[in-house]
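When reading the values below, keep in mind they use all heavy atoms of this one structure, side chains included, and skip hydrogens, waters and symmetry mates. Below, chains carry the letters A, B, ... as their sequence lines are ordered, and counting in each starts from 1.
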Amino acid sequence: MMKTKASWILRIFAAVIFTQTLYFKFTGHPDSVEIFSALNMEPGGRILIGILELVSAILLLVPGTVAYGAILAWGIMSGAIIGHCTEIGFEGDLLSLFLLGVGVWVCATVLLVMHRHQLPLLRHTYEKPDSSA
Amino acid sequence: MVSLTVDLHRLSKFVNVALPVLTVLFLFGGKFLSFYLNFFTVTFLFLSIVNYFYLRVQTEHSLLRNFGIVAQGRYLIESIGPELRQYLFASDTEERPFNRVERAEIYRKAKNIDSASFFGSLKEFDSTEIKIRHSMYPTDREALLPYSLTYGEERGIGNTYTITKPIIISAMSYGSLGRQAVRCLARGAKMAGIPMNTGEGGYPKYHLMEGCDLIFQMGTAKFGVRDEEGFLDEEKLRDLAGKDEVKMIEIKLSQGAKPGKGGLLPKEKLTPEIAGLRGVPLGKDVISPPHHKECKDKSTTVSFIRRVQEVSELPVGIKFCVGSFEEVEELVGEMARQNIFPDYMSVDGAEGGTGAAPKAFMDRVGVPLFPALARVNRILCEAGVRGRLKLMAAGKLINPGRQMLAFALGAQAVYTARGFMLSLGCIQALQCGQNTCPIGITTHDPTLQRGLDIPTKAKRVENYVHNLEHDLHELLAASGRRSFNELTMKNLFIPEDSTLAPLLDQQSLASTYN
Ligand SMILES: Cc1cc2nc3c(=O)[nH]c(=O)nc-3n(C[C@H](O)[C@H](O)[C@H](O)COP(=O)(O)O)c2cc1C
Ligand code: SF4
C-alpha cells in the first residue's frame, strides 16, 4: 500500500512538472525559446521535446505503462541535465529550472526501479518462474 | 556450441567497455557537433547503467552476472522460445538429457515458486510409461510417519549416522565442480539439513568450509587417501574419518555414466590446487583406474569393504552401476559367506551424469536405473540379506515423480547430482568438461564463478530440497501409504512391455490390469 501511494505521488509530481514546462514549450514562451536556441535546437527540438514530455506524462499516469513513462522521463531529464552542464548553465532562474529537472530525474529513477517488472525485457528475468539462470 | 559461448564471453567484454565509451563519445558529439547527438548519449548511458546493475548489483541471475546485458538476449529469445521451437526447433519435451519441462520444474522448486501446471500433462499417454498408483483412500497428512534412516545400525557400531530427509547430494568432486559451486551446494545442504557426497576429488577442502554433513567418497584412484602406488593409506583415511563433518565413507566401484572406466578430469580443468589436493601431476588428463587396486574379485572386494569399515569406524557404503546381475548375485553371495556387508549400496543407473566421460560409455554401457534397482533389491531379498544394509539409488532422480518410482522399487533414500546442478541454475549448456561453463558451476575460471552468489544459490538448494520433500509427502499420501518403506512395486502401474514387467510376479502382473 505504502508503495502504491509513493508511486502515485512521484508520478503526479513528475507529470505536473512536465505539463507545466511543455505548456511553455508549445506556446513558445521566450525563456523556452532562449534555452533551445542555446542548444541550437530551435524550433524543431523544442516541439520534439515537448511532445516527448507529453507522451511521458501520459504514460506515467496510466498504471500499466509507468515504467515506459519513467524511462522516457529519465531520458529527457538526463538530456536536460547534460544540456545545463554543457550549454545552458545555471544562472538565475536557470538554477531552479535545473533543480526541478534533477527532481524529476530522481522521481523517474525511483519509479523505474519500482515498476521494472512491467518491462518486457526485464519481466522474464525478474518474474517468469521458468527462466533458468 | 563451444565457439558460441566463447564469443558470448568476448562479446560481453566488448560491450561492457563499448557502452560507457560510446556514452562519452556522444556526449562530446553533443557538445561540439549537435545537441541532438545527446539522444544517443542518454540511450547509451541508460544501457551502461542497466549493464552495471546486471554485472555488479543483482545476484539472482548467474548468466546476467557473468555476461551482463548481452545475456539478456538469451532471456529474450527464451521468452519467444516456445514459438520458435514450435515451428523451427525441438519441442519442449525433446531436449536431452533433461527437457525444458523437467528443467523448468527444478528451477521453479529452487526459486520457491508454485510448480502447479495447467490444463494437462505434456507427456504422451499411451500407457507405456510407468505410473504411480494412487489409492482411493489417501493417507491423511498427519498420519504420515516421519522419515528417518540410520546407517550402520545393522552392525551395531557406535558411529551410526541418521538422516531425516530422503534426499542426498550425489558425488560431484571438487575438480569437476568449481570451488564456488561446491560451497553453494555445501551451504545449501547445511541449510536444508541433508548430507553431501564429496565425490572423488580428494581432500574435501571446500566442502568442509560450510560445515555440512559429508559422505567422503573414495574413488578408484583414492585421491586424498592413497599411498604412492594407489593403495589405501589407512592413516590418511583414519584422519579424514575423524573429522566431525565426515559421517560416512563411500567406496565407489563404478558410476553410471562410465561404468567399467575410472573417473576422468580433463587437463583443461586441472589447476595447481586440484593437482595438489589429488596428488597428481599438472598438464595431463587425470585418469583414475577402472577398479580399486585392492579389489580384484568378489572376495577381495568384500574384504576391502571390511577393512575400510574397521579403519574408519564409520558406516561404509558402496556405489556401483550394474553390468551383470550374475556378478551382483555372486558378490552378495560372497558377502553372506564372509558375513560382511557394506552399510549401504547405492545403485547408479546408466543414465547417470558426469563431468566428463567417453561418449560410448555414456551412451552404451550399463543397465538403466529402474531395472537395475529392482533386480538388486530382488537379489538382496532372495538372498535373505535385505535387512543387513540400506539401498540407495541415483540416475536422473531429479523430480518427485521419478524419486517415488525409485522408492517403490526398493530405494530407501535417493541421490541426485544434476538435480542440484539445475537448482544452481545450470542451463544444460553441456560444456562441463571444457572449463567454460557460462553459469560458473563446472569451471575454475573466477570470472565465470562470480556468477554464482553463494547465499542466493545456497537458498535455492534449500528450497529445492524442501519442495521435493513436500511433493514426495503429497505423493506418498496419495498412494495411501504412510512411509516410503511401505511402498512396493505394487504401488506402480507397470505396463506389460516395460523392462520391469518380468520382475513382477504373476499375481501382481495380473493386478496391473485389474
Ligand atoms: C559434474 C558431475 C560430477 C560427478 N562426479 C562424480 C564423482 O566424482 N564420483 C561419482 O561417483 N560420481 C560422480 N558423478 C555422478 C553422480 O554422482 C551421479 O551418480 C549421477 O550423476 C546420477 O545422478 P543424476 O542423474 O541425478 O545426476 C558426477 C556427476 C556429475 C554431473
Ligand atoms: S550450464 Fe552447462 S557447462 Fe554449466 S554445469 Fe550446466 S551443463 Fe555443465
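Shown here is A:D31, whose CG atom has more than 12 heavy atoms of other residues, nucleotides or ligands within 6.0 Å. Around OH of B:Y52, the count of heavy atoms belonging to other residues, nucleotides or ligands within 6.0 Å does not exceed 12. Residue-environment remark: OH (A:Y23) stays at or below the threshold of 12 foreign heavy atoms within 6.0 Å. Taking a 6.0 Å sphere around CD of B:E474, one finds it holds more than 12 heavy atoms contributed by other residues, nucleotides or ligands.
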Walk me through whether B:F39 and A:L48 qualify under side-chain contact (heavy atoms from CB on, under 4.5 Å).
CA-CA 12 Å; B:F39 278 98; A:L48 178 66; 3.8 Å; yes

Full working for side-chain contact (heavy atoms from CB on, under 4.5 Å) between B:F46 and A:L112
CA-CA 11 Å; B:F46 183 73; A:L112 187 55; 3.5 Å; yes

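The distance from the CG atom of B:N38 to the CD1 atom of A:I76 is 13.5 Å, given to the nearest 0.5 Å. The distance from atom CD1 of A:I71 to atom OG1 of B:T43, rounded to the nearest 0.5 Å, is 10.5 Å. Between the OG atom in A:S78 and the CD1 atom in B:I49 there is a gap of 7.0 Å [rounded to 0.5 Å].
Heavy-atom minimum distance, B:K31 versus A:E87: O-OE2, 3.5 Å.
The side-chain heavy atoms of B:F53 and A:V113, taken from C-beta on, include no pair separated by under 4.5 Å. Within the 4.5 Å cutoff, side-chain heavy atoms of B:L45 are placed close to those of A:W74. Between B:Y36 and A:L39, every side-chain heavy-atom pair lies at or beyond the 4.5 Å cut-off.
Neither the backbone nor the side chain of A:I81 comes within contact range of chain B; no heavy atom of the residue lies under 4.5 Å from a heavy atom of that chain.
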